[in-house]
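Please read the structure below before turning to the comments.
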Protein chains: 2
Amino acid sequence: MYICPMYSSELIKGTLKTIVLNLLRDKGRMYGYEITAKVKELTDGKIQITEGALYPTLHSLEKNGELETEKEFIGKRVRKYYSLTSQGQETASQKVNELADFMNTMKFLLDLEPKLGNA
Amino acid sequence: MYICPMYSSELIKGTLKTIVLNLLRDKGRMYGYEITAKVKELTDGKIQITEGALYPTLHSLEKNGELETEKEFIGKRVRKYYSLTSQGQETASQKVNELADFMNTMKFLLDLEPKLGNA
DNA sequence: AAATATACATAAGATTCTTAAGTATTTAAT
DNA sequence: ATTAAATACTTAAGAATCTTATGTATATTT
């Protein structure tokens, strides 16, 4: 079995929003730094979201009405907790379903199994 | 079961080279237009590679020594057949393995199954 | 005291796609 | 016969999204 130390960045591209939305759906609310740490932990370091990728994505999702934020002070330091809006809940479901479907298609395409009818 | 008409472009990004290399490994040699048609057919139209994406990718892979070409005339029209170099064979294997590993990781991450040890 | 971890933000540059336009031959439809 | 659609390739402008780097600041560990 092939073991990959870390995935090439092209693969992460396109799945980041889905990862974030799904994690927030599961955990309720999280802050940015926590998301990077959780993804790294859950994937044994194989997916490491950089801050330069994450924060603009979070801002974009918030601007688009998928996420809402609450600020909290931990001592003197600010934390921004993100959670899904109701629209974000729907988007999360759609994105996860689409990715699951895509992965099935890719599996078929890469295995090049004989094509069966859809009946 | 969710059915997707066509995947959002972010998902295709990052998998195009892998798709092309794998198809060429399976078919021996193909020309560009044939690749777009084959992928569309195999995926029921869910993955439609545009020419603006494919041709630059083929040129890039050739420039990088993964592919080699033969020109053939069909009547007065030129066709460029692409096939894998020995380096391309290796790259194809690596890319497919990496993508398979990535999909396993993503499946785990999206299902959020309880983490099991790797022992 | 210094190094590392926590926690955010953002800008410049790279990559890779979409969209569009261009060229030209061949086949199918009217 | 003429037109439209399919075949077949190329390339450029623009958009999206990531990497890399920098900046700021607090908290914890060595």
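Keep in mind that what you see is a predicted model, and the values were worked out from it rather than measured. Labels below follow one simple rule: chain letters A, B, ... track the order of the sequence lines, proteins then strands, and each chain is numbered from 1.
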I want to verify a distance call: between [options], whose nearest atom is closest to the [X] side chain?
| X | options | answer |
| --- | --- | --- |
| A:A53 | D:dC18, D:dT11, C:dT25 | D:dC18 |
| A:R79 | C:dC8, D:dC9, C:dT26 | C:dC8 |
| A:Y33 | D:dT19, D:dT7, C:dC8 | C:dC8 |

If the threshold is 4.0 Å, N to carboxylate O, is there a salt bridge linking [X] and [Y]?
| X | Y | answer |
| --- | --- | --- |
| A:E68 | A:R29 | no |
| A:K80 | A:E34 | no |
| A:E41 | A:K38 | yes |

Verify the contact: side-chain N or O of [X] to OP1 or OP2 of [N], cut-off strictly under 4.0 Å; return yes or no.
| X | N | value |
| --- | --- | --- |
| B:H59 | D:dC9 | no |
| B:K80 | D:dT10 | yes |
| B:T57 | C:dC17 | yes |
| B:Y55 | D:dT10 | no |
| B:Y31 | D:dA8 | yes |

Classify [X] by what it touches in the nucleic acid, base, sugar-phosphate, or nothing, heavy-atom distance under 4.0 Å.
| X | result |
| --- | --- |
| A:G52 | base |
| B:G75 | sugar-phosphate |
| A:K13 | base |

Original post:
Donor-acceptor pair, B:Y31 side chain versus B:V78 backbone, under 3.5 Å?
Top reply: no

What is the distance, to the nearest angstrom, from the [atom1] atom on [X] to the [atom2] atom on [N]?
| X | N | atom1 | atom2 | answer |
| --- | --- | --- | --- | --- |
| B:I35 | D:dT10 | CD1 | P | 12 Å |
| B:L11 | D:dT17 | CG | P | 11 Å |
| B:M6 | C:dT18 | CE | P | 10 Å |
| A:E34 | C:dA5 | CD | C1' | 15 Å |
| B:E51 | D:dC9 | CD | C1' | 7 Å |
| B:K76 | C:dT26 | NZ | P | 6 Å |
| A:Y81 | C:dC8 | OH | C1' | 14 Å |
| A:K17 | D:dT17 | NZ | C1' | 9 Å |

**OP:** Answer yes if the side chains of A:E66 and A:T91 hold a donor-acceptor pair under 3.5 Å, and no otherwise.
**Re:** yes

Subject >> Steps toward salt bridge (charged side-chain N to carboxylate O under 4.0 Å, His left out) verdict (A:E98, A:K95) >> reply: CA-CA 5 Å; A:E98 187 193 5; A:K95 286 252 171 204; 5.0 Å; no

Subject >> Residue whose closest nucleotide on DNA chain C lies nearer the 5' end, A:E10 versus A:Y82 >> reply: A:Y82

Original post:
Looking only at N and O atoms, is any donor in the side chain of B:R77 or the base of C:dT26 less than 3.5 Å from an acceptor on the other one?
Top reply: no

